Amino acid sequence: MSLRQQSMENTRFRDVLDLIRFAALKPDIVTATTVHSLVLKLGAVAHLPTSTSLLIIYSRAGDFGSSVALFGEILYKDVIVWNAMMTACIENRCFGAAVDLFEEMMEGRTGFDSATLVIAMSALSNTNRLKKGRVLHGLSAKKGFLSDSFLCNALIDMYAKCGDLSSSECLFEGMQCRDLVSWNAVISGCLHNGFPEKSLLYFKKMAAFGEQADDVSLSCAIAACTCLGEWDIGQVIHGWGTKLGYGESSHILVANSVISLCSRSGHIEAAETVFRGTVRKDVVSWNSMIDGFASMGMIFEAFHHLHEMQLTGLVQPDRVTVVTLIPLCAELMLLREGRSVHGFTVRRSMESDLSVVNGLMDFYLKCNDLKAAEHLFNTMPYRDLVSWNTVISGYSHNGCSSKAQTLFKELIRQYSQCSLSTLLAILPSCGSPESLHFGKSIHCWQLKLGFCNNILAINSLMFMYINCRDLEASLSSLLRASFMADTACWNTIISGCTQNGYFWKALETFNLMRRESLVSHDSITLFNVISACGYLELVLEGKLLHGLSFKTFEGKHIRVQNALITMYGRIGEIESAMDVFSYSCNRNLCSWNCMISTLSQNKESKKAIELFGNLDIKPNEITISSVLSACTQLGFLRQGKQIHAHVFRFGFQRNPFISAALVDMYSNCGNLDISLQIFQSLPEKSVAVWNSMISAFGFHNNGQDAIQAFDEMLKSGASPTKTTFINLLSSCSHLGLVEEGQQYYNRMLDEFGVEPVTEHHVCMVDMLGRSGRIDEAYEFIRQLPTKAESGMWGALLSACNYHGNLEIGREVAEILFSLEPENVGYYVSLFNMYVGAGRWGEAADLRRKIQDKRLKKPAG
């Protein structure tokens with residue numbers, strides 16, 4: 001007779017045992033400790049049924065520590081005590097401890113039964129220990145326990161949860177007697193492994209075999225419909241479940257699945273109706289509703305339900321709630337709301353949960369708060385690979401390339417096997433030619449890890465090579481993977497070339513794609529090649545692409561239509577741009593911005609202002625900047641003031657580009673004082689605002705004020721740009737401040753690292769020419785390391801004409817005739833110099849040359 005059987009026959013403790021069983025109905029800490037005191041007083045700790053029941057009460061009351069302590073006090077443990085303790089571990093989510101107990105039990109040769117193996121399977125499935133699960137499967141077969149349906153069901157569930165769905169299905173098919181739990185295990189297993197189609201297939205088979213579904217089967221089938229986007233099938237299953245008596249008002253599993261189905265299918269009102277009709281909502285119900293609002297971007301409603309959830313007091317937010325809300329805050333850059341969620345996690349002691357902390361780090365990195373993300377990362381007691389990948393990706397996308405690369409090197413010293421996500425996180429840090437060597441080493445590492453045939457990895461590598469200015473390596477990567485390259489691969493090359501200014505290469509790659517590959521272009525392809533044509537001012541090619549877009553129906557996409565408007569604007573075809581805009585039936589704000597900007601850039605400022613007046617969408621900063629530019633061109637102060645009012649109305653007054661545009665507008669309209677007031681009222685001045693103010697001073701012939709503004713700009717810590725020096729040199733030129741202008745030109749590269757370009761050279765030639773220093777201007781051009789463009793020679797010709805320097809003027813004119821033979825303005829300047837010098841014969845010869853070439857001076 002076993003020790004437990006002897007204990008059961010002991011009638012002394014029957015009353016205590018009855019009391020414990022009654023306490024187990026609603027376990028709490030107070031009841032458990034009271035009963036434990038009585039057990040100690042009666043000396044019943046050695047009574048196995050009593051101690052086992054008390055252990056379970058402590059576990060279910062949430063005092064797992066007392067369960068462990070009581071288990072340690074039991075001297076003679078049988079299988080039931082061990083099983084009870086393992087169950088307590090699982091109930092308190094201490095799955096590793098349950099596995100350790102099972103191993104200790106095996107070493108102690110206590111023996112085990114099929115229930116022991118069922119409990120152990122549960123622990124292994126939750127810790128994803130497939131190898132040990134297979135060992136237990138073998139042990140079950142050896143002991144002849146596979147006739148136990150409970151054990152077989154546990155094995156099916158374990159294999160599915162550990163990712164071995166084929167073994168799970170094989171075991172299911174081999175069962176002689178399947179019950180409802182067996183069907184539910186394989187249905188939920190397919191869903192867990194990302195095979196919703198199989199899940200629905202097994203659900204259909206279950207019905208064909210005459211097994212009636214329960215709330216678990218129905219909830220899994222509806223969840224599978226949600227994954228597949230099968231709204232109609234989901235409704236049918238929902239209706240069938242209601243007919244079987246599993247209505248959503250009283251069956252929480254079904255209700256939660258229906259809420260998810262409705263919200264993910266875009267029927268948020270239906271989801272709300274089901275949610276409100278559910279009598280006993282659990283945390284999953286609230287999470288499903290919050291997730292539905294979050295997936296539709298309804299931030300206010302999501303947080304409103306979170307607040308309501310907390311006010312009810314029946315259920316409280318858990319880690320799933322937090323993990324649902326944090327990505328929403330990150331996507332919309334809601335720093336204040338995200339910090340509130342962070343505070344909630346601290347109050348609820350969730351800061352040790354890896355998924356929560358990883359989500360918070362991602363949120364802070366996307367909101368550009370690197371210090372907060374770094375603090376979380378550095379204070380984590382344990383980091384998984386997701387933690388490292390999150391921070392590396394955050395550094396890469398926030399321009400902290402060196403930090404990303406340093407952290408990556410530290411990671412590979414600690415982890416022997418990294419994931420594809422690691423590769424995708426580190427590659428964006430290689431965004432310049434200086435990073436090419438590191439990028440190539442990442443390429444080698446990628447090949448070593450076996451990601452050479454992964455499309456995402458190939459696309460990221462190609463984009464990295466383009467950003468590092470190694471177009472050949474990028475194209476080679478594409479051609480090596482041509483057998484598996486899809487449209488996204490080609491788009492990576494084409495968009496990368498367009499974004500980095502390699503417009504001809506983008507067009508060549510597009511032609512190669514059309515000629516060599518089996519895949520077709522899409523709207524993203526056309527958007528990029530149309531943009532490239534616009535930058536290159538290719539009229540014919542742009543129109544051909546316009547025709548292609550309509551021939552392949554990609555022209556209906558709004559991004560393609562917007563690209564066409566911009567392209568026509570760049571090549572000066574306003575009417576064509578207006579036609580595209582007029583025939584667009586689904587315009588967005590970008591469409592309006594493109595059209596207003598096109599009109600403004602092509603000196604059709606009045607039409608741009610009129611179009612802005614017809615805008616039926618709330619404008620953004622780009623809209624306001626474009627229409628302010630139009631007001632600046634026309635000098636329309638009244639309309640400019642109206643736009644200024646819009647700036648305050650929509651809260652754009654702190655935007656640096658808007659502020660700069662306002663300074664320009666008031667300056668060009670003759671109100672330098674208001675420009676200065678706007679400038680001085682800004683708490684933080686951007687480089688664009690400083691540039692506009694320097695330009696305004698120069699425009700109003702206040703050269704000393706422009707120089708003073710430049711000095712103040714340097715004191716503020718702002719770094720001057722190419723535009724800064726153009727404005728500064730132009731001011732010096734108009735006021736004859738030659739010495740100062742030469743000093744600034746000489747300081748550009750040496751002191752500020754700004755490479756002089758054509759515009760700076762033109763300013764210098766104009767400055768020297770205006771002051772009569774023609775020879776110096778001529779020598780300045782000749783000593784340039786690169787070939788001088790026509791703009792510089794044109795500025796020198798104008799100076800020669802003004803100062804009557806015929807000798808140099810004639811030489812400069814001949815150079816310009818070779819550069820731009822059809823530009824009549826150069827001929828007219830030389831003609832005027834001949835007339836001014838009394839060289840009538842040469843003037844007459846030049847006039848005949850103009851007539852022979854049939855050159856005409858443009859009107860206006």
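Start at 1 with the first residue, then count along the sequence. It should be emphasised that the depicted structure is a prediction, and the values quoted were computed from it without experimental measurement.
- The main-chain N or O of Phe699 is never found under 3.5 Å from a side-chain atom of His734 such that the two would form a donor-acceptor pair.
- Listed for the Asn671 side chain is no donor-acceptor partner under 3.5 Å among the backbone atoms of Ile674.
- No donor-acceptor pair under 3.5 Å is formed between the side chain of Arg336 and the backbone N or O of Leu334.
- In this structure, Asp766 pairs ionically with Arg770, as a charged nitrogen and a carboxylate oxygen lie closer than 4.0 Å.
- The side-chain contact (heavy atoms from CB on, under 4.5 Å) test with Gln742 singles out one residue from Leu737, Leu768, Leu729, and that residue is Leu768.
- Side chain of Ser692 to main chain of Ala688: a donor-acceptor pair is present (N/O by atom type, distance under 3.5 Å, no hydrogens or angles).
- Listed by chain and number, the residues in a ring pair (Phe, Tyr, Trp, His ring centres under 6.0 Å) with Phe725 are Phe710, Phe752 (sequence neighbours excluded).
- Listed by chain and number, the residues in a side chain to side chain contact (heavy atoms under 4.5 Å, CB included) with Phe527 are Ser531, Arg559, Ala563 (sequence neighbours excluded).
- Leu796 is not listed as a side-chain neighbour of Phe780, based on a closest heavy-atom distance of 4.5 Å or more.
- Here Leu634 contributes atom CG and Lys603 contributes atom NZ; the two are 10.0 Å apart, rounded to the nearest 0.5 Å.
- Taking the six-membered ring where tryptophan is involved, the planes of Phe581 and Trp592 are perpendicular, since the angle between them exceeds 60° and thus also 30°.
- Checked by atom type, the side-chain pair His375/Tyr364 shows no donor-acceptor distance below 3.5 Å.
- Under the 6.0 Å cut-off for aromatic ring centres, Trp690 and Phe679 qualify, their centroids lying closer than that.
- With Glu740 contributing its side chain and Cys732 its backbone, the two residues share no donor-acceptor pair below 3.5 Å.
- Between the side chains of Ser629 and Ser626, no donor N or O sits under 3.5 Å from an acceptor N or O.
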